[in-house]
Number of protein chains: 2
Amino acid sequence: MVKITDVARHAGVSPSTVSYALNGKRPISEETRRRIEASIRELGYHPHAGARALAGARSHTLALVMPLRSGVHLPVVTQFAMSVVTAARRHDHDVLLLTGEEGEDGLRRVADSARADGFVVMDVQLNDRRLPLLRTLQRPSVLIGFPAEPAGLTCVDLDFRAVGEACAEHLALLGHRRVALLGSPPEVYERGTGFARRVEDGFTAAADRNGLAAAVHPCEADPAAAPALVRRLLAEDPPPTGVVIHNEAMLGPLTDALRAEGLRVPGDLSVVAVCPDELAERSSVPLTSVAIPAAELGARAVDLLIRQLAGDPVPESTLLPPRLTVRSSTGPRG
Amino acid sequence: MVKITDVARHAGVSPSTVSYALNGKRPISEETRRRIEASIRELGYHPHAGARALAGARSHTLALVMPLRSGVHLPVVTQFAMSVVTAARRHDHDVLLLTGEEGEDGLRRVADSARADGFVVMDVQLNDRRLPLLRTLQRPSVLIGFPAEPAGLTCVDLDFRAVGEACAEHLALLGHRRVALLGSPPEVYERGTGFARRVEDGFTAAADRNGLAAAVHPCEADPAAAPALVRRLLAEDPPPTGVVIHNEAMLGPLTDALRAEGLRVPGDLSVVAVCPDELAERSSVPLTSVAIPAAELGARAVDLLIRQLAGDPVPESTLLPPRLTVRSSTGPRG
DNA sequence: ATGAAAGCGCTAACAT
DNA sequence: ATGTTAGCGCTTTCAT
């Protein structure tokens with residue numbers, strides 16, 4: 001195994017000089033730095049992570065806590081994880097993967113054993129059991145999603161209010177005057193992170209601003225209920241010409257039901273979905289949609305964590321703007 | 001921070017005794033062990049991972065290398081990762097997450113810096129660039145999938161030949177006499193890990209054994225081609241009454257095309273899919289299917305890695321038996 | 001069955 | 001701008 005003293009000898013300097021050249025904590029002459037870098041490459045030196053963590057105060061590792069439950073769309077989880085790793089590597093950090101299942105004990109274990117310097121926690125619930133611990137732990141963390149009481153925690157999420165607004169505005173711009181939101185099932189409002197309500201608020205607010213008539217239909221995750229819901233929607237007089245679906249499980253059943261009722265999309269009805277791009281693309285009519293920007297969320301979370309580790313102040317709340325992708329399911333009214 | 005000397009003092013023993021009590025490398029009297037364990041709990045002691053790695057020869061960390069390309073079904077990746085973490089924790093190991101993107105340099109870095117004791121490598125290609133390195137690295141690894149030349153490497157995968165057999169046998173048992181396999185696109189055969197061919201072989205072999213007439217249709221991943229393919233399938237005289245679809249991208253288009261041709265599933269045609277359960281369940285007619293047992297693969301991979309780390313001999317090749325889940329898309333002939 | 005003590009490879013004072 | 005050196009907390013001989 002190649003160690004720092006090997007590099008030092010090879011470059012004709014002291015170990016500490018190599019160490020400093022590596023982490024830039026004090027100035028090194030250009031000439032010396034070059035020799036050291038050459039030696040490192042030539043010998044294939046990689047500092048022993050354990051020794052580094054023991055002597056320094058940092059493991060150069062971030063912990064990523066994956067969801068407990070599988071309510072989250074799994075592809076989004078993978079994309080998110082990948083972007084976290086990629087971003088972490090850019091900052092010379094590795095990523096330790098934890099499951100939400102390990103709960104508070106897992107967090108404490110990882111923190112106490114100095115396995116990780118900070119945490120990225122996915123799938124944070126409104127009243128997450130882990131919140132008190134995360135607050136007191138002497139390591140920074142970044143939460144994906146907003147708990148009921150986010151004060152004192154660093155949180156990142158998609159700006160769901162802006163999602164609702166973007167959907168309404170997209171339909172308004174296409175000339176629609178009557179729009180509806182087919183929302184999430186009640187469980188999501190209660191158990192979830194509150195994002196369903198935020199979409200709703202943004203949707204109705206933007207509809208108001210644009211003079212649209214807007215209806216909101218909460219929506220169970222029951223495929224069998226789709227036809228009835230669609231009929232109820234169309235029974236309005238006059239019926240909406242644009243609809244936003246924020247309910248992943250019902251997306252298929254609802255579009256099927258629309259087709260069954262003989263409605264053409266977007267000819268008779270424009271449809272905007274709030275769902276992963278993957279789903280929107282695979283639909284029989286590719287859906288105009290707003291997706292969770294998993295990669296951006298991951299990169300941003302790492303960024304915030306690294307800045308905290310550097311002692312920089314960071315905003316407690318970060319909301320990422322939504323991006324609406326226009327596909328084939330929306331068109332001008334009529 | 002609580003350290004081993006704190007525990008030792010609290011329990012009235014020497015640090016080394018605590019260490020031995022922790023890892024069981026020498027006998028400790030029942031009485032002493034109990035006192036030590038009590039102290040550990042009371043003080044909330046967690047050994048410093050860096051110190052442990054430095055003094056010992058093990059980081060107690062496994063590296064999990066996630067896929068480069070996104071050809072792999074992302075939900076399967078997530079499930080796999082979760083099961084790897086869960087299994088690793090059962091053996092007192094943590095998991096470091098790497099992306100395939102880091103390639104050989106990433107593996108070397110992690111090995112040389114003693115960040116991980118071994119590797120689980122997902123998505124191994126037939127002629128993976130990382131294979132030579134994995135062979136020479138002084139750390140064990142387990143590959144998910146079989147490269148062209150697996151000798152000297154520990155590989156785990158679903159037994160795809162048995163998958164083909166299970167599908168054919170399921171149809172045979174239902175009384176079908178003429179069956180067809182709608183296979184993977186040519187790219188998969190070339191670039192892939194050879195599993196497509198193995199399914200094919202198993203399928204035809206089992207069909208032969210059971211006296212079925214079996215046709216194999218390779219199948220581009222082009223949704224527009226689905227109707228033509230279905231018509232071609234039905235043009236056979238007599239047409240098959242059972243079909244196996246091993247092509248994730250075409251699953252939707254093909255079932256749509258079947259419906260468009262007025263075929264009832266399973267009334268007129270029984271369909272077996274080789275695809276993630278998730279997809280099979282969400283199909284308009286829930287599909288009888290064989291899935292990738294992601295969780296089992298992950299657990300098995302970790303198992304093999306841990307056993308290698310313990311110096312135990314392990315089989316080079318492990319094939320997991322497929323599980324066919326009967327849903328609504330298959331029924332007796334006629 | 002238990003203790004004492006010598007490192008493991010690195011970082012960060014404290015030197016010059 | 002660079003060198004010297006004392007630990008960081010643990011494991012593991014070598015003792016007893």
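Computed over heavy atoms, backbone and side chain alike; hydrogens, waters and symmetry mates excluded. Every chain is numbered from 1, with letters handed out A, B, ... down the list of sequences.
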Practice item. Using atom CZ of A:Arg9 as one end and atom P of D:dG3 as the other, report the distance to the nearest whole Å. Key: 14 Å
Review point. Charged N to carboxylate O below 4.0 Å: is that the case for B:Glu149 and B:Arg135?
Key: no
Check your understanding: Just wondering, do B:Val121 and B:Ile144 contact through their side chains at under 4.5 Å, heavy atoms?
Key -> no
Review point. Is the closest side-chain heavy-atom distance between B:Leu54 and A:His48 below 4.5 Å?
Key: yes
Check your understanding: What is the distance from CD of A:Glu31 to C1' of D:dT2, rounded to the nearest Å?
Key -> 13 Å
Point to revise | Closest contact, heavy atoms only, A:Pro47 versus B:Ser113 | key: O-CB, 3.1 Å
Exercise for review: List the steps and the verdict of salt bridge (charged side-chain N to carboxylate O under 4.0 Å, His left out) for A:Arg109 and B:Asp94.
Suggested key: CA-CA 11 Å; A:Arg109 178 183 66 81; B:Asp94 274 288; 2.7 Å; yes
Review point. Are OP1 or OP2 of D:dT2 and a side-chain N or O of A:Ser14 less than 4.0 angstrom apart?
Key: no
Check your understanding: Does A:Ser29 place a side-chain N or O at less than 4.0 Å from the phosphate oxygens OP1/OP2 of D:dT2?
Key -> yes
Review point. Can you tell which of A:Glu31, A:Glu37, A:Glu30 makes a salt bridge (charged side-chain N to carboxylate O under 4.0 Å, His left out) with A:Arg34?
Key: A:Glu30
Check your understanding: For every nucleotide of nucleotides 9-16 of chain C, 5' to 3': is a protein heavy atom under 4.0 Å from its base (B), only from its sugar-phosphate (S), or from neither (-)?
Key -> BBSBBB--
